[in-house]
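Structure record follows, encoded as structure tokens.
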Amino acid sequence: MDLLVIGSGAREHTIARALQQSSTVATIYCLPGNPGMQLDGIQTVASEMTDFAAMIAFAQAKKVAYTIVGPEQPLVAGVVDAFQDAGLAIFGPRKAAAALEGSKTFAKEIMAAAHVPTAAYQTYQTVQAALAALDDVRYPVVIKTDGLAAGKGVVIAQNDVSARQTVQTFFEQGVPQLLIEDYLEGEEFSLIALVANNRVYPLPVAQDHKRAFDGDHVPNTGGMGAYCPVPQISDQCVAEAVTTILEPIVATMAERQMPFTGVLYAGLIATQYGVKVIEFNVRFGDPETQVVLPRMTGDWAQVFAQLLKGETPTLQWQLSGITLGVVMASDGYPTQSTTLFVLPTLQQFAKRNSTFSFASVTEQANQLVSAGGRLYTASYSAETLGRASQQVYRDLAQLVLPTTFYRQDIGFRTQVK
């Protein structure tokens with residue numbers, strides 16, 4: 001069978017490569033994809049992710065068995081509704097359910113209805129109201145834009161000056177409303193689950209590193225690296241999160257006539273008062289996908305086919321070892337992009353032991369060229385974090401350019417107590 005993956009980043013490269021390993025799959029298409037995917041023989045399709053009609057026409061012409069959606073933007077815009085209305089199989093939430101990520105206020109309302117623990121918050125539509133609210137907050141405080149922000153719409157303000165500047169900046173950028181919420185202390189982790197027929201199938205937990213620089217120094221990014229599993233998060237903690245957070249959310253969505261099907265990503269924090277929700281996403285995380293999916297020892301193509309048929313998926317996981325992923329980014333990320341520059345050839349990447357998932361790259365004169373932002377993720381699995389880290393960083397050192405950077409401490413929190 002032929003399959004279609006929608007998206008262009010390292011997450012989508014990882015999904016496509018995982019599907020490709022199935023003996024039942026003939027061709028994997030990625031729309032629009034990126035030229036780095038050629039390393040794995042994935043066929044890219046030049047099309048805009050906002051052009052639902054063109055995507056549907058392609059899926060119909062190629063008779064793809066089903067489609068997987070990577071990024072949040074098309075999900076929030078209703079791509080699943082459009083495909084299903086055209087009679088095409090697609091795995092992901094419909095537009096109404098995708099509001100869990102599209103609107104943080106909506107997500108908070110669903111959490112309240114489901115009695116799911118999260119930080120106390122207030123929503124503000126004007127800069128004057130938000131600034132006035134800062135007179136009574138306790139620092140640090142979390143300020144979030146209400147819509148999609150590619151993982152960069154959150155600021156943890158340590159003091160009044162920073163908070164007021166953040167509020168002003170967000171509203172100047174045209175944000176319609178923002179949330180000001182209490183800061184939660186504890187160990188953060190990402191719990192991603194597959195959801196179908198109101199049943200939740202959790203994947204192994206991962207830990208993302210959102211800050212750009214070593215030691216978790218600002219600014220916030222879409223993610224600079226991750227590892228899976230997370231040894232400092234116990235199985236009991238994960239089980240608690242599934243029963244007190246994921247399952248109640250799925251049940252509440254069903255009760256409200258907007259049943260959730262697809263990937264439910266819970267950004268969680270283990271506090272002294274129990275596990276609480278930081279945010280919800282409605283798709284695989286990036287870079288978590290690059291370290292979670294490789295740990296499945298079964299057949300990913302079969303898993304999604306089972307879910308779409310209403311069957312219980314066969315999920316088999318590697319129980320030992322750890323998978324580490326480190327992101328290489330262009331200088332200036334996430335606030336600005338450097339000028340275009342040539343990357344190493346695909347052959348040079350192929351000579352390394354790590355697995356490379358490409359993101360913001362393009363092609364000029366048969367050469368890989370940076371398109372700014374996060375360029376690729378290098379990942380490796382080993383028996384220990386130390387061995388995985390040694391291999392990944394050895395490979396990255398062979399490929400680093402003066403116009404790029406990467407964090408050199410991914411996984412450091414395994415040593416922090």
Side-chain angles (χ1 to χ4, degrees), residues 107 111 114-119 142 156 182-195 199-211 215-216 223-251 263-281 284-298 303 312-326 379-389 392 407 409-417:
M111 282 186 267
H115 305 291
V116 165
T118 186
V142 181
I156 301 173
D182 291 347
Y183 174 74
L184 300 175
E185 291 190 70
E187 191 75 27
E188 294 186 27
F189 63 102
S190 303
L191 174 56
I192 300 172
L194 306 176
V195 181
R199 296 191 65 183
V200 175
Y201 305 98
L203 310 186
V205 297
Q207 188 173 76
D208 185 16
H209 294 61
K210 287 290 186 187
R211 302 301 181 92
D216 278 346
M224 293 299 295
Y227 61 98
C228 172
V230 185
Q232 63 269 36
I233 299 298
S234 67
D235 291 343
Q236 179 182 354
C237 183
V238 175
E240 174 190 342
V242 172
T243 57
T244 65
I245 294 173
L246 296 188
E247 291 177 349
I249 287 293
V250 171
V263 180
L264 182 57
Y265 167 135
L268 306 176
I269 184 167
T271 75
Q272 61 177 322
Y273 306 107
V275 182
K276 296 188 177 185
V277 177
I278 297 175
E279 66 175 358
F280 279 116
N281 295 321
F284 282 114
D286 185 349
E288 292 96 333
T289 301
Q290 292 89 293
V291 297
V292 173
L293 263 61
R295 299 196 65 77
M296 217 276 277
T297 58
V303 165
T312 300
T314 305
L315 292 164
Q316 302 170 325
W317 301 102
Q318 182 178 339
L319 300 179
S320 63
I322 195 164
T323 304
L324 176 79
V326 180
S379 58
Y380 190 81
S381 298
E383 282 303 309
T384 66
L385 179 68
R387 290 178 182 174
S389 178
V392 168
R407 282 186 57 161
D409 65 344
I410 301 300
F412 80 97
R413 291 195 64 82
T414 60
Q415 309 299 324
V416 177
K417 300 296 182 184

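Below, all heavy atoms of this structure are taken into account, side chains as well, without hydrogens, waters or symmetry copies.
Here the NZ-CD distance, from Lys210 to Glu188, works out to 9.5 Å after rounding to the nearest 0.5 Å. For the atom pair CG of Leu194 and CG of Leu315, the computed distance is 6.0 Å after rounding to the nearest 0.5 Å. How far SG of Cys228 is from CG of Leu293: 9.5 Å, rounded to the nearest 0.5 Å. Taking OH of Tyr227 as the reference point, atom CG of Leu385 lies at 7.5 Å (rounded to 0.5 Å). Between Thr118 atom OG1 and Ile245 atom CD1 the span is 8.5 Å, to the nearest 0.5 Å. Here the CD1-OG1 distance, from Ile233 to Thr414, works out to 12.0 Å after rounding to the nearest 0.5 Å.
For the pair Ile156/Arg211, a side-chain contact is recorded, criterion being any heavy-atom separation below 4.5 Å from C-beta on. For the pair Ser190 and Val205, the minimum side-chain heavy-atom distance is 4.5 Å or more. Phe189 has its side chain out of reach of Arg413: every pair of non-hydrogen atoms, C-beta onward, lies at least 4.5 Å apart. Two residues are said to be in side-chain contact when any heavy atoms from C-beta on lie closer than 4.5 Å; Pro204 and Val292 meet this criterion. Side-chain contact between Ile249 and Met111: present, with at least one pair of heavy atoms (C-beta onward) separated by less than 4.5 Å.
For Asp409, the side chain to side chain donor-acceptor pair (under 3.5 Å) test picks out Arg407, with sequence neighbours left out.
With hydrogens and angles disregarded, no donor-acceptor distance shorter than 3.5 Å links the side chain of Thr271 to the backbone of Gly186. In this structure a side-chain-to-backbone donor-acceptor pair under 3.5 Å is present from Glu288 to Asp286. No side-chain donor-acceptor contact under 3.5 Å links Arg295 to the backbone of Trp317. Put simply, the side chain of Thr244 gets close to the backbone of Glu240: a donor and an acceptor are under 3.5 Å apart.
Summarising the geometry of Val200 relative to Ala193, their closest heavy-atom pair is CG1-CB, 3.7 Å, with the distance given to 0.1 Å. Smallest separation of non-hydrogen atoms from Val242 and Pro248: O-CD, 4.1 Å. Counting all heavy atoms, side chain and backbone alike, Val142 lies closest to Asp182 at CG2-O, 4.0 Å. The two residues Ala266 and Leu246 make their nearest non-hydrogen contact at CB-CD2, 3.8 Å. Of all non-hydrogen atoms in Ser389 and Leu324, the two that sit nearest each other are CA-CD2, 3.3 Å. Of all non-hydrogen atoms in Tyr380 and Ala382, the two that sit nearest each other are CE2-CB, 4.0 Å.
Looking only at atom types and distance, the side chain of Gln290 has no donor-acceptor partner in the side chain of Ser379 under 3.5 Å away.
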What verdict does the side-chain contact (heavy atoms from CB on, under 4.5 Å) test give for Val277 and Leu268, after you've listed the backbone C-alpha separation in whole Å, the side-chain angles of each residue and the deciding distance to 0.1 Å? CA-CA 5 Å; Val277 177; Leu268 306 176; 3.8 Å; yes
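Heavy atoms of other residues, nucleotides or ligands lying less than 6.0 angstrom from CZ of Arg387 number 12 at most.
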